[in-house]
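Here the structure comes first, spelled out in structure tokens, and everything after it is commentary.
Just follow the structure's listing: the first ligand is 1, and inside any ligand the first atom is 1.
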Amino acid sequence: MTIRIAGTGSAFPKTVVTNDDLAKVMDTSDEWISSRTGIKERRIAKDETTAGMAAEAARAALKDAGMTVQEVDLIIVGTLSADHFTPSCACEIQAELGAVNAVAFDINAACSGFMFSLHTAYAYLQSGLYKNALVLGAETLSKIMDWEDRSTCVLFGDGAGAAVVRREEEGIFVFDQGSDGVKGKVLSCKARLVNNLLVQQGHEPDYVHMDGQEVYKFAVSTVPASINKVLDKAGVSADEVAYFVLHQANIRILQSVAKRLKVSEDKFPIILDRSGNVSAATVPLLLDDMNKKGMLKRGDKIVMSGFGGGLTWGTALIEW
Ligand code: ACO
């Protein structure tokens, strides 16, 4: 028993913000951002919400899979920027879609959120408990950025990606995932402070803080190792893989991973030039972009990998 992705979908906010737009309001430039990250523009939410974009992406994925909402029995959303502490983004989507037969919950594994959600869905589906899952990554990161910190705010964007995942008899799903909480501080954002009858710590909101160089070092060492682990487990060589669909944080990370794996950069498609880093959403956003362009053929071996805050990482080899 294994799983297969049967459909994909995505949604972005309407508003495009280019590097030149940012350079008008802060001390930065297209040259600095493009040369260090590969990002040219990102979408930023105005009236869009995390759950609203996620529901739009989910609808598109169901249409692509030819599946009805009633057939969905599991909804898992990877997100660190849901609209509410509760209800979860997954429950909001359930309500919005009318997916009355589904169990719904969120997973916070930052930029690995979609991969952790996919693995969780696999565990449920493979055990026989459920049959059809909607797995999403959805973020409105612009609300947790410090727009006065040019070293972080230029990197991120908003959006949502979805995949319909089915239980199937045949196919490939081999996974590796891990966490390293000891290094958690290199990428962090505090939740609410304690304010109760006994202690008042104020209501200053916190924003994303990042030690970019430490995150870079983590990514370029952990990701190739995780990919190699999955390939070894599956007995598949890197040459046999059609595409490496990696979390879209930075083009230099992708180039370094390609080099370490001795694989052509052509096998590492990108969307970050148009999307920026959308944390948990980047892997399904890219997958949907590739699907729409007709790049994915039945039987193709695809490696997907997410990595980021926690620290966390998750890699899967799947058969399309
Ligand atoms: N525009 C112009 N100058 C800037 C900007 C900006 N937006 N941001 C920082 N600078 C300046 C800094 O102030 C610094 O100036 P100084 O030398 O006068 O002090 C200079 O640029 C270099 O700053 P660094 O932080 O050292 O820049 P670096 O070359 O390391 O690049 C980057 C930063 C792109 C974030 C890099 O560390 C990196 O690629 N990190 C990988 C992590 C990553 O991509 N994180 C994304 C989120 S995490 C995730 O998704 C896994």
Does the side chain of Ser142 pick up a donor-acceptor pair with the side chain of Asp158 at under 3.5 Å?
yes

Is it true that His209 and Ser188 share a donor-acceptor pair across their side chains at a distance under 3.5 Å?
no

Just wondering, more than 12 heavy atoms not from Gln200 lying within 6.0 Å of its CD?
yes

Near Glu148 CD, under 6.0 Å, is it more than 12 heavy atoms from other residues, nucleotides or ligands?
no

Whether the side chain of Gln126 engages the backbone of Ile3 through a donor-acceptor N/O pair (distance < 3.5 Å, no angle test) should be reported.
no

Got a sec, which residues hit ring-ring contact (aromatic ring centres under 6.0 Å, His included) with Phe116, two or more places apart in sequence or on another chain?
none

Can you pull the residues with any heavy atom under 4.0 Å from ligand 1?
Asp27, Thr28, Trp32, Arg36, Thr37, Cys111, Arg150, Ser151, Val154, Phe156, Leu187, Met210, Gly212, Gln213, Val215, Tyr216, His247, Ala249, Asn250, Arg252, Asn277, Phe307, Gly308

